[in-house]
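First comes the structure, then the notes that go with it.
One-based numbering, in listed order, for ligands and for the atoms of each. None of the values given here were measured: they were computed from a predicted structure.
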Amino acid sequence: MATYIPSPVDWVRKQVEKYEGSGGTQGTTLLDTGLPVIIVTHVGHKTGAIRKTPLMRVKDANSYVLVGSQGGAPKDPAWVHNLRLKPDVEVRDETAVQPMRVREVADEAERSRLWRLAVAAYPPYEDYQKRTSRRIPVFVAEPTKTAA
Ligand code: F42
């Protein structure tokens, strides 16, 4: 079985511990904002280790939009590379956990629609895009199984 490697960033690791440790009943929002967060469990493309990344919850019907903003940092977060190479993930939204497959959104019309949804859910994304010259990657996570 693959090893789980927690985030090296203290506040992120603590959020994952609280969220997962409570079965999705605590630690489910971003500090100070009260806005909902999901946990994306994925696989490191170099280490093969299990990684858990909290992201803002941006819902689009049964799918989730994942935004690689990292506060407008100059480089894409490491999880973006993992998802490009290993798109099978698990998404926890509070108490619901489901297997999903991720794809990066390349189509401009689709990306604009999803970007608007993302900014509506978490307005700082707009400032994060202004802060960096890289184009913030946008992914969509879609269910791999239809509910019975
Ligand atoms: N980040 C976002 O980009 N978008 C969001 O909407 C967002 C919301 C959010 C809400 C709550 C919260 O607690 C955190 C939130 N974050 C959000 C931050 C997010 O959870 C990540 O911490 C952030 O995006 C940085 O991602 P990262 O994958 O770069 O994390 C770093 C700190 C990290 O874990 N680095 C590891 C390390 O050891 O330095 C590497 C992890 C890794 O995946 N390694 C790969 C492997 O094989 O295991 C290799 C990767 C490679 O290409 O080298």
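Nearest protein neighbour of atom 43 (O) of ligand 1, counting heavy atoms only, is Asn82 ND2, 2.7 Å. With respect to atom 53 (O) of ligand 1, the closest heavy atom belonging to the protein is Lys46 NZ, 2.9 Å. Among protein heavy atoms, atom 27 (P) of ligand 1 sits closest to Ala78 N, 3.5 Å. Of the protein's non-hydrogen atoms, Gln70 N, 2.8 Å is the one closest to atom 3 (O) of ligand 1. Nearest to atom 11 (C) of ligand 1 among the protein's heavy atoms is Gln15 OE1, 3.3 Å. Shortest contact from atom 52 (O) of ligand 1 to any protein heavy atom: His45 NE2, 2.8 Å. For atom 20 (O) of ligand 1, the closest non-hydrogen atom of the protein is Pro54 O, 2.8 Å. Shortest contact from atom 26 (O) of ligand 1 to any protein heavy atom: Trp79 CD1, 3.3 Å.
The 12-atom threshold is not exceeded at CZ of Arg101, counting heavy atoms of other residues, nucleotides or ligands nearer than 6.0 Å. Within 6.0 Å of NZ on Lys59 lie more than 12 heavy atoms contributed by other residues, nucleotides or ligands. When the shell of 6.0 Å around CG of Asp127 is examined, it contains more than 12 heavy atoms from other residues, nucleotides or ligands.
Atom 24 (O) of ligand 1 is flagged as protein-proximal [any protein heavy atom, distance under 4.0 Å]. Within a 4.0 Å radius of atom 46 (C) of ligand 1, the protein contributes at least one heavy atom.
Contact annotation for Arg51 and ligand 1: only side-chain heavy atoms (C-beta onward) come within less than 4.0 Å of the ligand. The residue Val80 has no part lying near ligand 1, judged by heavy-atom distances below 4.0 Å. With a 4.0 Å cut-off on non-hydrogen atoms, Met56 touches ligand 1 through its backbone as well as its side chain.
Distances from atom 6 (O) of ligand 1 to the heavy atoms of Tyr122, Tyr125, Tyr128 put Tyr125 nearest. The closest non-hydrogen atom to atom 1 (N) of ligand 1, taken over Leu55, Leu31, Leu85, comes from Leu55. Selection from Ile5, Val9, Thr3 by nearest heavy atom to atom 32 (C) of ligand 1 gives Val9. When Ser7, Pro8, Gly71 are ranked by how near their heavy atoms come to atom 33 (C) of ligand 1, first place goes to Pro8.
Using a non-hydrogen distance threshold of 4.0 Å, Trp11 registers as a contact of ligand 1. Residue contacts with ligand 1: Gly68 is included, with a non-hydrogen atom under 4.0 Å away.
Close approach of ligand 1 to Leu30 (heavy-atom distance below 4.0 Å) involves ligand atoms 10 (C), 11 (C). Per-residue contacts place His81 under 4.0 angstrom from the following atoms of ligand 1 (heavy atoms of the residue considered): 52 (O). Within the listing of ligand 1, atoms 19 (C), 20 (O) sit less than 4.0 angstrom from a heavy atom of Thr53. Proximity to Val67 (heavy-atom distance under 4.0 Å) selects the following atoms of ligand 1: 2 (C), 3 (O), 4 (N), 5 (C), 6 (O). Each of the atoms 20 (O), 22 (O) of ligand 1 lies under 4.0 Å from some heavy atom of Val12. Near Gly44, meaning under 4.0 Å from one of its heavy atoms, ligand 1 places the atoms 46 (C), 47 (O), 48 (O).
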Residues Lys86, His42; criterion side-chain contact (heavy atoms from CB on, under 4.5 Å); working and verdict: CA-CA 8 Å; Lys86 293 185 175 284; His42 56 103; over 6 Å; no
Derivation of the side-chain contact (heavy atoms from CB on, under 4.5 Å) call for Asp76 and His81: CA-CA 8 Å; Asp76 287 339; His81 304 293; 4.2 Å; yes
CA sep, side-chain torsions, deciding dist, call: Val40, Tyr64, side-chain contact (heavy atoms from CB on, under 4.5 Å): CA-CA 10 Å; Val40 178; Tyr64 293 89; over 6 Å; no
side-chain contact (heavy atoms from CB on, under 4.5 Å) between Val67 and Met56, worked out: CA-CA 8 Å; Val67 180; Met56 301 317 293; over 6 Å; no
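Judged purely by atom type and a 3.5 angstrom limit, Thr144 uses its side chain to pair as donor or acceptor with the backbone of Pro99. Side-chain N or O atoms of Glu104 include none that pairs as donor or acceptor with a backbone N or O of Arg84 at under 3.5 Å. The closest donor-acceptor contact from the side chain of Arg13 to the backbone of Ser7 lies under 3.5 Å. Distance alone, capped at 3.5 Å, places no donor-acceptor pair between the Glu94 side chain and the Gln26 backbone. The closest donor-acceptor contact from the side chain of Thr132 to the backbone of Gln129 lies at 3.5 Å or more, if one exists at all. Although no hydrogens or angles enter the test, the distance criterion places no donor-acceptor pair under 3.5 Å between the side chain of Arg57 and the main chain of Leu35.
The minimum heavy-atom distance linking Leu114 with Val65 is given by the pair CD2-CG2, 3.9 Å. Val80 approaches Gly68 most closely through the heavy-atom pair CG2-CA, 4.1 Å.
Any N or O atom pair closer than 3.5 Å counts here, and His42 shares no such pair with ligand 1.
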